[in-house]
Every structure is written in structure tokens, then in C-alpha cells.
Number of protein chains: 2
Amino acid sequence: MKLDQAKQEFIQSWGILGSQWGINRTMAQIHALLLVAPDALSADDVMEQLQISRGNANMNIRELISWQLVQKILKPGERKEFFVAEKDIWMVAMRIIAQRKKREFDPLLETVTSLQEIEGDGKNQADIKAFTETMKNIERFAKKGDKALNGLLTANENWFTGTLLSLFK
Amino acid sequence: MKLDQAKQEFIQSWGILGSQWGINRTMAQIHALLLVAPDALSADDVMEQLQISRGNANMNIRELISWQLVQKILKPGERKEFFVAEKDIWMVAMRIIAQRKKREFDPLLETVTSLQEIEGDGKNQADIKAFTETMKNIERFAKKGDKALNGLLTANENWFTGTLLSLFK
DNA sequence: CTGTACTTTCAAAATTTTCTGAAAATAAAA
DNA sequence: TTTTATTTTCAGAAAATTTTGAAAGTACAG
């Protein structure tokens, strides 16, 4: 297989993977493109290589920056902005985990916690008990996951590879 | 807050969470509804409570069954089918992890492995090297993740709570 | 068999998400 | 300041996804 063909295939796969995980396909493709680009690319480069509009490119690049997966680079003498992706896959994974935890996991935890205060009217005590138990179980599980994720986020790859992974043999 | 109101809120939150993770909102809502239902529900119950069509209910219930998150129950004497959700949150999480790993993670691993065989034409050796390195890094990381997930999937909640979590203090 | 109760399918409709492109905004250069 | 290069915004268009509902399929009961 030729290099350009392989890059194309990688960009497509990464895009599909992203879209299955609730991430805009184009955003994932731009990320893939920058991951395999030898140098920083401009918005125009991205537009041309992925055949997308300026607005689309701009919006998704900025989203990638807010996820801390891409950085803006200013080249001396150039007016254009250039972009590079975080190339360390461990860092990429940790940034994604951190974002999703903050945006989705933490709010869920708040919700299930708050839903445990139910007014009882005497008649449906058993039902209330059952519902509250379910919420408590989700909360307990989520708190454990929270702890594990926080641990992972403050760990580094060596620790993951060595200490943690050895537990799974 | 009243019980029914709390259930509604939980169903909505679970639905939003699902949709952010690439799971059909209705599928997540049906799952939530069954999670907080005291007894097994029929397709008609689901249709009525979520105000959705028969086709939609049928399709999403069957998808939940294929994810092993919901089970079909046959009540003696009744012709209708009834459905119950797996209520153990640990099991729910493991089933989801197992499905997604199989459907998305494993294929990615295959792709990045296969993309490492690039025809070199002498001129772009450095570029090929860089691309192959990136694929190798993703592969290495994915293999470690694979191992960790397999470990988690064969573990049980106690082990997670005790042994693993203690590492994160 | 025939009728009845229910489940499944799928084409078309509705909805949601994403993308475009031109106009407005910004900022550096002249 | 004015011109020019570049980025940002956002309303409408396009595309993708989800939902509907009626018809077809299945299977049990009589």
C-alpha cells in the first residue's frame, strides 16, 4: 500500500470511530489528518485535503483546540495560523477522558444524587425505596469510576504499563 | 420531588447521556425506563410511557437485547412478551464495555496493524517512517488498553472495589 | 384450517446534526 | 488611515439519523 493511501484509510477509520463515540466525524478526521501530517497545517491545507468548507474547518479545529488535542502554531513572518496535533497517544487518550468525564460523567453523578430525595406519600413506600436504591447503586458505581478515572488521569503511561497492567498479567 | 417526576428526569438524563456516547436516545430511554420499572413491561407499556411508535419500540428493545442489557420474559398464560433490564449496574457497564470493545476497538486495532505495511519508493523514507511510527504507537497503546479491558471484563466488582481501586487510594 | 393477538419490517416522513459559503469581524501591513 | 489577508459567525441547505405507521409475518387458540 502507498503512503497517501494508508493515510487516507487511517483518516477514514478514525472518523468512523469518532462518530460512533459521539464525536463529529469531521472533527475526528481533522484530528487524524494532523496526527499523520509531518508538519503543521493551515486551515486551507485542512480544507483542501479533506474537501471541506472554511466554516466547517474553522469550527472543528477550534473544537479540537478546546479539547486540547490540537494546538495553534504561529510561524514567524506568516500571517496564517497553523495547527499541530498532540502526537503522544497516551496524552490524546487522557485529554479525551478528562473532557468527557467533566462534560458528561460529572453531571450524571450530580443528577443521580439529587434524584434521591423523593417525597413519600405513604402509599408507595416500596416503589420509592426501589427507585432510590437504583439511584444509590448508580451513584456508588459512578463514584468508584470517578476515583479510578482521576487516578488514571494523574498517572503516567509508565505507571499504567508497569504497576496497573501487571495486575491483568 | 415526586417519584414519577424523578423517574422522568432520570429517563431524560440517561437518554441524553446515551446520545452523547453514540447510542440512540430512545434506546437509552427505554433502558432507563426498564431500569426503574418495578416489574417487567410489555412493548405497549414502553410505547405508552415514552410516547413512541410500535416500530420504534420494537427496534430499540431488540437492540437492547442484542447488547444483553435487556431480557425477554414470557409470562405463563400471557401471549405478549415482557421485558426487564439488567439491574446490576456493574453488569450493565461490563456489557456495554464488552460490546463497544468488540464492535469498535478491536477493528481499529486491526486497521492500524494493517496500515503498517507501506511500499517505500526510496524518496519518502522519512515520511513513511514517521507514519509507521504513529501507527505503531497507536497499536501499542491499543494493545495495552485491550489487555486492561479484558482484565476488567473478567474481574468482578469486588476485585475492582478492593484490589484495583486501592491503587488509586 | 381460520381467526386473533401480537411482532417485525421497511418506505416515507420528521427530526436532528452537520456543512456551506458569503458576510462580518479582526488584525497586520502599507 | 486604508488596504489586504485571514478568521469567525451563522442562516439556510444538505446530509444523516431516527421515527412513524401500515402492511406483512408469525404463532397460538379454537
Side-chain angles (χ1 to χ4, degrees), chain A residues 11-34 40-67 70-84 100 103-104, chain B residues 11-34 40-67 70-84 100 103-104:
Chain A
I11 289 167
Q12 296 312 319
S13 299
W14 205 246
I16 289 168
L17 187 73
S19 68
Q20 284 164 333
W21 286 83
I23 284 159
N24 181 317
R25 185 197 300 281
T26 304
M27 177 172 155
Q29 287 181 337
I30 295 174
H31 182 232
L33 175 64
L34 291 173
L41 300 184
S42 68
D44 290 273
D45 295 333
V46 171
M47 287 166 62
E48 193 194 317
Q49 298 215 39
L50 298 180
Q51 295 287 335
I52 59 175
S53 71
R54 184 171 302 283
N56 197 8
N58 182 272
M59 192 183 223
N60 283 297
I61 289 171
R62 278 163 2 97
E63 187 71 1
L64 282 165
I65 291 173
S66 90
W67 282 64
V70 163
Q71 257 197 310
K72 192 180 286 190
I73 295 286
L74 295 173
K75 293 194 184 179
E78 291 257 30
R79 253 211 233 181
K80 273 187 193 170
E81 297 174 336
F82 291 79
F83 305 95
V84 289
R100 303 208 78 154
R103 295 179 191 206
E104 295 137 21
Chain B
I11 290 167
Q12 295 312 320
S13 299
W14 205 247
I16 289 168
L17 187 73
S19 68
Q20 284 163 334
W21 286 82
I23 285 159
N24 181 318
R25 185 198 300 282
T26 304
M27 177 173 154
Q29 287 180 336
I30 295 174
H31 182 232
L33 175 64
L34 291 173
L41 300 184
S42 68
D44 291 274
D45 295 333
V46 171
M47 287 166 62
E48 194 194 317
Q49 296 215 39
L50 299 180
Q51 295 287 336
I52 59 175
S53 71
R54 183 171 303 285
N56 197 7
N58 183 272
M59 189 185 228
N60 282 297
I61 288 171
R62 276 162 2 96
E63 186 71 3
L64 282 165
I65 290 173
S66 89
W67 282 64
V70 163
Q71 257 197 308
K72 191 182 284 191
I73 296 286
L74 295 173
K75 294 194 185 181
E78 292 257 31
R79 258 213 229 176
K80 272 188 197 168
E81 298 174 336
F82 290 80
F83 305 95
V84 288
R100 302 209 77 154
R103 296 179 190 206
E104 295 138 22

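Throughout, protein chains are lettered first and strands after them, A, B, ... in sequence-line order, and every chain is numbered starting at 1.
- OP1 or OP2 of C/dT20 lies within a sub-4.0 Å distance of a side-chain N or O belonging to A/N56.
- Listed by residue number, the members of residues 40-49 of chain B with any heavy atom below 4.0 angstrom from DNA chain D form an empty set.
- Rounded to an integer number of Å, the gap from A/F82 CZ to D/dT6 C1' is 11 Å.
- By the side-chain hydrogen bond (donor to acceptor under 3.5 Å, both in side chains) test, A/R54 is found to be paired with A/D44, residues two or more places apart in sequence or in another chain being considered.
- Here C/dC10 presents its P atom at 12 Å from CG of B/N58, a figure rounded to the nearest Å.
- In terms of position on DNA chain C, the residue among B/K72 and A/N60 whose nearest nucleotide sits closer to the 5' end is B/K72.
- Rounded to the nearest 0.5 angstrom, A/M47 CE and A/L50 CG are separated by 10.5 Å.
- By the salt bridge (Lys or Arg N to Asp or Glu O under 4.0 Å) test, B/R62 pairs with no residue at all, sequence neighbours left out.
- Between A/I30 and A/I52, the closest side-chain pair of non-hydrogen atoms falls below 4.5 Å.
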Filtered N/O pairs between nucleotides 11-15 of chain C and protein, under 3.5 Å:
none

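- Among the heavy atoms of the strands lying under 4.0 Å from B/Q51 are primed sugar atoms or P, OP1, OP2 only; no base atom is included.
- Between the CD atom of B/E78 and the C1' atom of C/dT7 there is a distance of 15 Å, given to the nearest Å.
- In this structure, A/Q49 has no side-chain hydrogen bond (donor to acceptor under 3.5 Å, both in side chains) partners at least two apart in sequence or on a different chain.
- To the nearest angstrom, P of D/dA14 lies 18 Å from CD1 of A/I52.
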- [ ] Give the intermediate values and the outcome of side-chain contact (heavy atoms from CB on, under 4.5 Å) for residues B/F83 and B/D45.
- [x] CA-CA 10 Å; B/F83 305 95; B/D45 295 333; over 6 Å; no

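- For the contact set between residues 17-34 of chain B and DNA chain D, defined by any heavy atom under 4.0 Å, the members are B/N24, B/T26.
- Remark: A/Q12 engages A/Q29 in a side-chain hydrogen bond (donor to acceptor under 3.5 Å, both in side chains) (not counting sequence neighbours).
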Cut-off 3.5 Å, no hydrogens considered: what does the side-chain donor-acceptor table look like for residues 15-24 of chain B, sequence neighbours left out?
unit_1, atom_1, unit_2, atom_2, d
B/S19, OG, B/I16, O, 2.8
B/W21, NE1, A/E104, OE1, 2.8
B/N24, OD1, B/T26, N, 2.8
B/N24, OD1, B/M27, N, 3.4

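- For B/K80 and C/dT4, the NZ to P distance is 18 Å, given to the nearest whole Å.
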For residues 70-82 of chain A, dump all side-chain donor-acceptor pairs below 3.5 Å to protein atoms at least two apart in sequence or in another chain.
unit_1, atom_1, unit_2, atom_2, d
A/K72, NZ, A/E81, OE2, 3.3

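- Every residue was checked against the side-chain hydrogen bond (donor to acceptor under 3.5 Å, both in side chains) condition with B/R25, not counting sequence neighbours, and none meets it.
- Here A/Q51 pairs with nothing under the side chain to side chain contact (heavy atoms under 4.5 Å, CB included) rule; sequence neighbours left out.
- Put simply, CG on A/N56 and CD1 on A/I61 are 9.5 Å apart, with the number rounded to the nearest 0.5 Å.
- In this structure, B/K75 places its NZ atom 19 Å from P of D/dC28, rounding to the nearest Å.
- Between B/L74 atom CG and C/dC6 atom C1' there is a gap of 12 Å when expressed in whole angstrom units.
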Tabulate protein N/O versus nucleotide N/O from nucleotides 22-30 of chain C, keeping only pairs under 3.5 Å, one per line.
unit_1, atom_1, unit_2, atom_2, d
C/dA29, O4', A/R79, NH2, 3.2

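- Summarising the geometry, the separation between CE on B/M59 and C1' on D/dT18 is reported as 8 Å, rounded to the nearest angstrom.
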